[in-house]
Amino acid sequence: MLSSPAEIAPQITIGHYVNGSAVTPAAGRSQAVFNPATGAVSGHVALGSALDVDAAVAAAQAAFPAWADIPPIRRARVMFKFLQLLNQNKDQLAHLITAEHGKVFTDAQGEVSRGIDIVEFACGIPQLLKGDFTDQVSTGIDNWTLRQPLGVVAGITPFNFPVMVPMWMFPVAIAAGNCFILKPSPIDPSASLFMAELLRQAGLPDGVFNVVQGDKEAVDALLVHPDVKAVSFVGSTPIANYIYETGAHHGKRVQALGGAKNHMVVMPDADLEQAVDALIGAGYGSAGERCMAISVAVLVGNVAERLIPMLKARAETLVIKNGVNLDAEMGPIVTGIAHQRITGYIDLGVQEGAELLVDGRTFTGAHAGEGCEQGFWMGGTLFDHVTPEMRIYKEEIFGPVLGCVRVKDLAEAVELINAHEFGNGVSCFTRDGHVAREFSRRIQVGMVGINVPIPVPMAWHGFGGWKKSLFGDMHAYGEEGVRFYTKQKSIMQRWPESIGKGAEFVMPTAK
């Protein structure tokens with residue numbers, strides 16, 4: 001068993017980080033930060049105002065010219081040092097995640113590792129900033145392109161991945177020569193300050209990375225600020241749509257990743273033991289609070305009669321306890337409000353006529369262990385005979401609720417999934433190569449797994465869904481992330497000796 005959350009509790013007042021220093025507001029709005037496992041208040045986080053955003057943007061704007069002018073290889077060396085410090089402190093970051101989010105420690109370690117992957121990718125930024133060159137595009141004229149940073153950019157990140165999702169953004173943005181403002185979730189804010197301190201130790205100049213804690217007031221200030229050139233966001237679809245429309249209206253480049261309703265198709269020929277393991281891990285891991293969590297099992301043909309009993313037995317025996325216990329498979333729900341919302345969806349599913357096989361509402365803090373009585377606890381929930389008309393099928397629940405939908409064949413499964421408004425992630429379990437190929441080609445979803453339940457792309461590929469799961473044109477991280485945080489410039493050049501006499505009044509053409 002690891003250290004107790006009390007031993008790793010974050011600072012009592014969690015403030016901002018501006019121009020290389022922690023800033024503790026003397027007054028203003030704040031909100032409590034909870035340990036979800038115990039329900040205890042572990043600190044209070046400042047809720048930044050427009051003035052706090054102005055200060056962070058001013059610091060970033062002042063730092064930008066010098067940082068953008070540093071050769072990319074030297075910026076990459078700062079990332080290499082940051083990478084070294086992350087590896088030395090990754091368990092401490094994971095502790096902070098478990099203490100404020102509630103996910104089990106091993107899952108928190110995995111989150112940190114996936115964030116570190118992006119930092120490793122960002123260390124190779126010189127190669128990715130190279131332009132193209134064409135000699136003699138016309139007589140005596142050469143043409144080349146280069147990529148330059150945008151300026152001050154911002155990231156607005158969710159509670160469910162307080163380390164990994166910010167790292168989808170700021171390592172690439174900073175390595176490309178931008179200055180960055182992070183607005184993390186106020187639910188689990190401490191990791192943002194820890195990362196800021198590691199960047200400082202890595203030698204990042206003051207003002208290049210800043211943190212403004214807060215809620216909608218801080219978000220809106222970033223969206224309208226004239227010196228913020230681009231905004232990256234991960235969260236729910238309604239907010240992603242708002243971020244996209246507001247940011248674009250104010251002339252910003254916007255990358256807004258929204259919600260999901262991820263399906264996993266199980267074909268009759270699938271290995272059922274593997275399929276059950278995948279559904280349990282992808283449906284209930286991190287209490288279902290993942291944008292890539294599987295929330296719908298699409299059972300094809302007669303596979304339901306064989307798989308449902310196995311799935312029910314596993315859901316009933318989930319090991320649910322405080323995430324500091326290394327044998328825990330699932331921790332608590334992140335907040336009391338989220339717990340109420342998820343409970344409401346389970347109630348609704350029963351009212352809509354779905355068959356409730358496992359009821360997570362019966363699990364309480366008393367079952368989770370000593371000291372957990374006031375925590376935000378819930379067990380895994382399993383529904384069968386869910387239909388596309390039900391709200392528990394249509395809407396993102398963002399909790400440990402898995403619904404099973406029965407279809408007759410692959411064509412019906414593909415039609416079902418393609419009709420959904422979200423298109424984030426999807427998976428298909430099969431042994432048939434033809435089925436896998438057809439499924440991959442026909443499905444209208446941005447990230448596809450074949451016998452992989454959570455197909456989150458690796459750092460050099462990029463993350464993003466389709467339809468209402470993504471607002472904007474470019475995916476997060478990978479080469480698309482580099483393009484998002486840079487702008488292309490084309491330069492044409494010739495010298496006086498090659499310039500003919502006389503004015504030219506026609507469109508230039510290759511000569």
Side-chain angles (χ1 to χ4, degrees), residues 57-80 121-154 169-181 203-205 207-209 224-232 244 247-255 460-462 464 472-511:
V57 174
Q61 186 79 344
F64 172 65
W67 180 245
D69 208 36
I70 290 176
I73 188 65
R74 288 175 54 196
R75 297 197 298 258
R77 286 171 186 156
V78 175
M79 285 294 109
F80 272 114
F121 170 80
C123 288
I125 204 77
Q127 166 71 13
L128 299 171
L129 294 178
K130 291 193 307 184
D132 299 314
F133 182 89
T134 302
D135 168 71
Q136 198 79 343
V137 293
S138 187
T139 303
I141 300 178
D142 303 325
N143 189 189
W144 71 90
T145 62
L146 52 85
R147 303 205 69 86
Q148 293 184 313
L150 304 178
V152 179
V153 299
M169 304 171 185
F170 74 78
V172 178
I174 289 173
N178 301 281
C179 293
F180 196 90
I181 299 170
L204 191 70
V208 176
F209 180 78
V224 303
H225 201 294
D227 291 331
V228 175
K229 303 304 181 185
V231 175
S232 300
Y244 180 72
H249 177 75
H250 287 87
K252 304 186 191 315
R253 184 177 290 187
V254 182
Q255 171 192 74
W460 49 94
H461 282 284
D473 300 322
M474 298 182 189
H475 291 186
Y477 63 84
E479 290 191 30
E480 287 213 359
V482 176
R483 284 192 286 271
F484 178 79
Y485 290 120
T486 58
K487 52 193 174 185
Q488 179 179 289
K489 180 181 287 183
S490 175
I491 302 171
M492 298 188 75
Q493 169 183 281
R494 67 180 177 183
W495 300 100
E497 291 78 7
S498 64
I499 300 175
K501 295 185 179 301
E504 295 182 357
F505 296 97
V506 300
M507 176 66 67
T509 58
K511 297 177 182 178

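For the single chain, residues carry numbers from 1 onward in sequence order. As a basis for the values below, the full set of heavy atoms in this structure was taken, side chains included, without hydrogen atoms, waters or symmetry mates.
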Side chain of [X], backbone of [Y]: donor and acceptor closer than 3.5 Å?
{"X": "Lys252", "Y": "Val153", "answer": "no"}
{"X": "Thr145", "Y": "Asp132", "answer": "yes"}
{"X": "Gln255", "Y": "His475", "answer": "yes"}
{"X": "Arg253", "Y": "Thr486", "answer": "yes"}
{"X": "Asn178", "Y": "Tyr485", "answer": "yes"}
{"X": "Asp142", "Y": "Gln493", "answer": "no"}
{"X": "Asn143", "Y": "Ile491", "answer": "yes"}
{"X": "Trp67", "Y": "Ile174", "answer": "yes"}

State, yes or no, whether a side-chain contact exists between [X] and [Y] at a heavy-atom distance under 4.5 Å.
{"X": "Phe64", "Y": "Pro149", "result": "yes"}
{"X": "Arg75", "Y": "Leu129", "result": "yes"}
{"X": "His225", "Y": "His250", "result": "no"}

Which atom of Ile125 lies closest to which atom of Pro72, heavy atoms considered: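 That would be CG2-O, 4.2 Å.
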
Minimum-distance pair of heavy atoms, taken over all atoms of Pro126 and Ala76: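 It is CD-CB, 4.1 Å.
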
Geometric class of the Phe180/Phe209 ring pair [parallel <30°, tilted 30-60°, perpendicular >60°]: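 Answer is parallel, since the angle falls under 30°.
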
Other residues, nucleotides, ligands: >12 heavy atoms within 6.0 Å of Asp473 CG: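 Not more than 12 within 6.0 Å, no.
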
